[in-house]
Amino acid sequence: MSHAVTAPSDVVSRLEKAGQAHVLSHWDRLKAADRAALLEQVAGIDWDSLPELIRTYVTGKPAVEISPEDIEPAPYFPKDHTIPGRGWNKSKYEVMGEDLLRQGKVAAFTVAGGQGTRLGFDGPKGAYPGGGITGKPLFACLADWIVAAQKRYGRTIPWYVMTSPINHAATVEFFKQNDYCGLNPRDIMFFSQGVMPSFDMASGRVLMNAPHEIATNPDGHGGSLRALWNSGAINDMRARGVEHISYVQIDNPLARVIDPVFIGLHAFAPDSSGEMSSKMVAKTDPGEKVGVFAKAQGKVRVLEYSDLPKHLAEARNADHTLKFNAGSIAIHMIGVEFVARLNSDGRGGSGAGASDPEGRAGFRLPFHRAEKKVPFFDLSSGQPVNPAKPNAVKLETFVFDAVPMCRSSIVYETDRIDEFAPIKNAEGTDSPETCRRIQTERAARWLERVGVKVPRDERGECQCTIEISPVTAMGAEDLDTARLPKRIEPGQSVVL
Ligand code: UTP
């Protein structure tokens with residue numbers, strides 16, 4: 001039993017000043033351990049900045065600062081590098097990227113701290129099946145690229161995996177149980193991102209999970225730029241001689257975790273600062289809900305789908321292609337020293353919000369609000385509530401908001417089928433089913449390029465399922481025709 005019947009007065013006054021005194025309303029009835037846990041959680045939150053954040057993002061909605069006249073399409077390196085007038089020397093950059101890999105200057109980085117609420121899977125999303133036939137977990141799908149690239153370039157490619165407090169222990173356990181997906185445990189580093197309190201949408205009050213626990217959510221994939229620094233990952237990279245970070249998200253098993261062409265462009269293209277570069281795919285139609293790369297106020301940036309005015313989203317070039325067609329697929333190259341600079345000079349950060357586990361505030365990207373259903377403990381009725389409709393605002397930061405903080409930033413176009421099949425939902429769009437189809441289509445194209453007959457229906461859809469491990473091939477050029485079937489039969493499942 002604790003002797004302190006009342007909460008420490010400095011904590012009470014901090015919370016009162018922030019309009020959040022309800023956090024301690026069950027203090028009298030809490031056990032000593034629960035009081036200690038609550039105090040620790042309270043200490044990790046920057047309460048002074050909350051009233052302003054709540055006014056701006058929770059009870060209010062932030063205005064978009066960029067006027068449509070200032071927005072133009074972002075230039076990009078087209079995937080067809082032979083287009084007259086826009087051609088570029090792909091093999092030169094590929095060789096340059098390969099050199100960096102051979103020198104051990106590249107690390108892989110995966111953000112896997114999300115809650116995966118849409119998928120509704122009980123466990124870290126990386127443990128979810130990603131292989132179209134094998135059901136190989138998403139973590140293993142990405143790890144296989146690293147295994148293959150390490151073999152090809154003869155150097156270790158360290159892998160940094162960002163978790164969140166919610167899934168950190170389960171993620172580490174997953175790797176232990178799965179033999180580190182074939183990688184050396186010394187070359188994988190796990191670290192947790194920061195969290196933000198979740199807010200009641202109507203009142204802006206911080207929600208409680210339990211009488212002694214504030215409801216929190218991970219602070220978005222943008223939190224990775226801060227967590228890389230606070231965790232010591234950046235220093236670990238420096239010690240290993242790593243200069244560039246290849247950023248991919250856990251839910252896209254098709255991502256080329258290591259892509260020498262992209263690495264070379266990021267590090268050496270004349271218009272790249274080597275700070276942060278991005279991959280894009282052409283949008284399917286004006287209404288597709290992806291962020292687009294645009295240039296505004298002289299800077300490349302990603303405009304969220306909802307922030308691009310309709311007339312711009314629908315604007316077409318003379319050849320009828322979309323003017324703003326550069327859809328963001330959340331694949332980036334990031335300079336190690338760029339992350340260090342952001343964190344050391346605090347540029348672009350409000351310094352607001354919950355801090356990292358050591359209590360440092362520091363650099364922070366702008367927040368975005370998301371209206372979500374968040375179960376909570378109702379302090380007045382003393383009952384847990386599972387809301388039927390969105391009741392809460394979560395504040396998150398997005399990694400692409402760092403792009404305009406670069407001195408200059410390049411965009412590289414890639415093929416959707418070749419690199420983008422995220423698993424976000426259990427069914428429908430961006431689901432395991434669509435992912436399996438895209439994996440098959442990519443594999444089919446590779447196989448057809450080397451002469452294998454793949455069954456297709458009259459619309460061109462594959463009549464079979466194919467999964468190719470990156471350890472077998474990272475592209476059609478790696479396929480060994482002597483070991484391939486001459487043809488695949490309709491209905492067949494082929495794992496290579
Ligand atoms: P999403 O935006 O799809 O979010 O994350 P999510 O949490 O996985 O899924 P929903 O929205 O709850 O259904 C895209 C990527 O960013 C990572 C995710 O793990 C995924 O790789 N992410 C997202 C983080 O690492 N941290 C976050 O706070 C949010």
Side-chain angles (χ1 to χ4, degrees), residues 108-128 130 137-143 159-168 170-171 174 189-198 215-228 230-231 233 245-255 257 278-279 289-291 302 304-306 327-332 334 353-354 356 364-375 390 392-402 419-432 434-435:
F109 177 36
T110 301
V111 290
Q115 291 169 297
T117 38
R118 282 170 288 174
L119 192 58
F121 173 61
D122 186 23
K125 214 186 205 183
Y128 191 81
L138 287 162
F139 277 131
C141 293
L142 302 185
W159 190 17
Y160 299 83
V161 178
M162 185 178 83
T163 63
S164 67
I166 301 156
N167 67 18
H168 184 84
T171 301
F174 171 89
M189 178 171 173
F190 303 94
F191 58 90
S192 187
Q193 67 179 111
V195 295
M196 283 294 291
S198 309
T216 60
N217 55 269
D219 61 359
H221 42 65
S224 63
L225 295 176
R226 201 162 174 255
L228 276 168
N230 289 341
S231 64
I245 305 165
S246 179
Y247 169 105
V248 294
Q249 302 191 333
I250 190 55
D251 51 20
N252 180 15
L254 253 65
V257 182
S278 313
K279 275 189 180 171
K289 291 185 174 158
V290 290
V302 175
E304 273 194 89
Y305 163 75
S306 49
S328 172
I329 53 169
I331 299 181
H332 301 278
I334 304 173
D356 67 285
R364 177 83 85 183
L365 294 165
F367 282 107
H368 297 255
R369 86 195 289 277
E371 296 183 2
K372 301 270 175 169
K373 280 189 279 190
V374 173
V393 169
K394 291 185 185 176
L395 297 186
E396 294 186 332
T397 58
F398 296 160
V399 74
F400 56 69
D401 278 328
E419 250 192 282
F420 189 52
I423 297 178
K424 302 274 186 198
N425 306 300
E427 285 170 356
T429 50
D430 295 341
S431 64
T434 57
C435 184

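We use all heavy atoms of the structure for the numbers below, so side chains are in, but hydrogens, waters and symmetry mates are not. Read the numbers this way: they start at 1 and go in the same order the structure lists the ligands and their atoms.
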* Ring centroid separation F191 to Y160 under 6.0 Å -> no
* Structure fact -> Across all chains, not counting sequence neighbours, the side chain to side chain contact (heavy atoms under 4.5 Å, CB included) partners of A330 are Q249
* Asked: So, does T397 use its side chain to make a donor-acceptor pair with the main chain of D219 at under 3.5 Å?
  -> yes
* **Approximate separation, where rounding is to 0.5 Å, of R118 CZ and N425 CG** => 6.0 Å
* Structure fact -> Across all chains, not counting sequence neighbours, the side chain to side chain contact (heavy atoms under 4.5 Å, CB included) partners of S224 are F109, V111, M162, Y247, V399
* Check whether any N or O atom of V111, backbone or side chain, sits under 3.5 Å from an N or O atom of ligand 1, and answer yes or no. => yes
* Taking atom 4 (O) of ligand 1 as the reference point, the nearest protein heavy atom with its distance -> R118 NH2, 4.1 Å
* Polar contact flag for Q193 and ligand 1 (N/O pairs, less than 3.5 Å) -> yes
* For S192 and H168, does a side-chain donor sit closer than 3.5 Å to a side-chain acceptor? -> no
* Nearest protein heavy atom to atom 25 (O) of ligand 1, by residue and atom, and its distance? -> G113 N, 2.8 Å
* Structure fact -> closest protein heavy atom to atom 8 (O) of ligand 1 is K125 NZ, 3.5 Å
* Among protein heavy atoms, which sits nearest to atom 3 (O) of ligand 1, and what does the distance come to when rounded to 0.1 Å? -> K424 NZ, 2.7 Å
* Within a distance under 4.0 Å of any heavy atom of D251, pick out the atoms of ligand 1 and give their elements. => 3 (O), 14 (C), 20 (C)
* Asked: What's the shortest distance from atom 16 (O) of ligand 1 to any protein heavy atom, and which residue and atom give it?
  -> H221 CD2, 3.5 Å
* Structure fact -> The closest protein heavy-atom partner of atom 22 (N) of ligand 1 is G114 N, 3.5 Å
* Asked: Are any of the heavy atoms in A112 under 4.0 Å away from ligand 1?
  -> yes
* **Which residue and heavy atom of the protein sit nearest atom 28 (O) of ligand 1, plus the separation** => G220 N, 2.8 Å
* Asked: Between Q115 and N217, do the side chains contain an N or O donor and an N or O acceptor separated by less than 3.5 Å?
  -> no
* Structure fact -> In this structure, SG of C435 is separated from CG of D251 (nearest 0.5 Å) by 9.5 Å
* Asked: Are side-chain N/O atoms of H368 and E304 paired as donor and acceptor at under 3.5 Å?
  -> yes
* Asked: Looking at M162, which atoms of ligand 1 are within less than 4.0 Å of one of its heavy atoms?
  -> 25 (O)
* Asked: Starting from atom 6 (P) of ligand 1, which protein heavy atom do you reach first, and at what distance in Å?
  -> G116 N, 3.6 Å
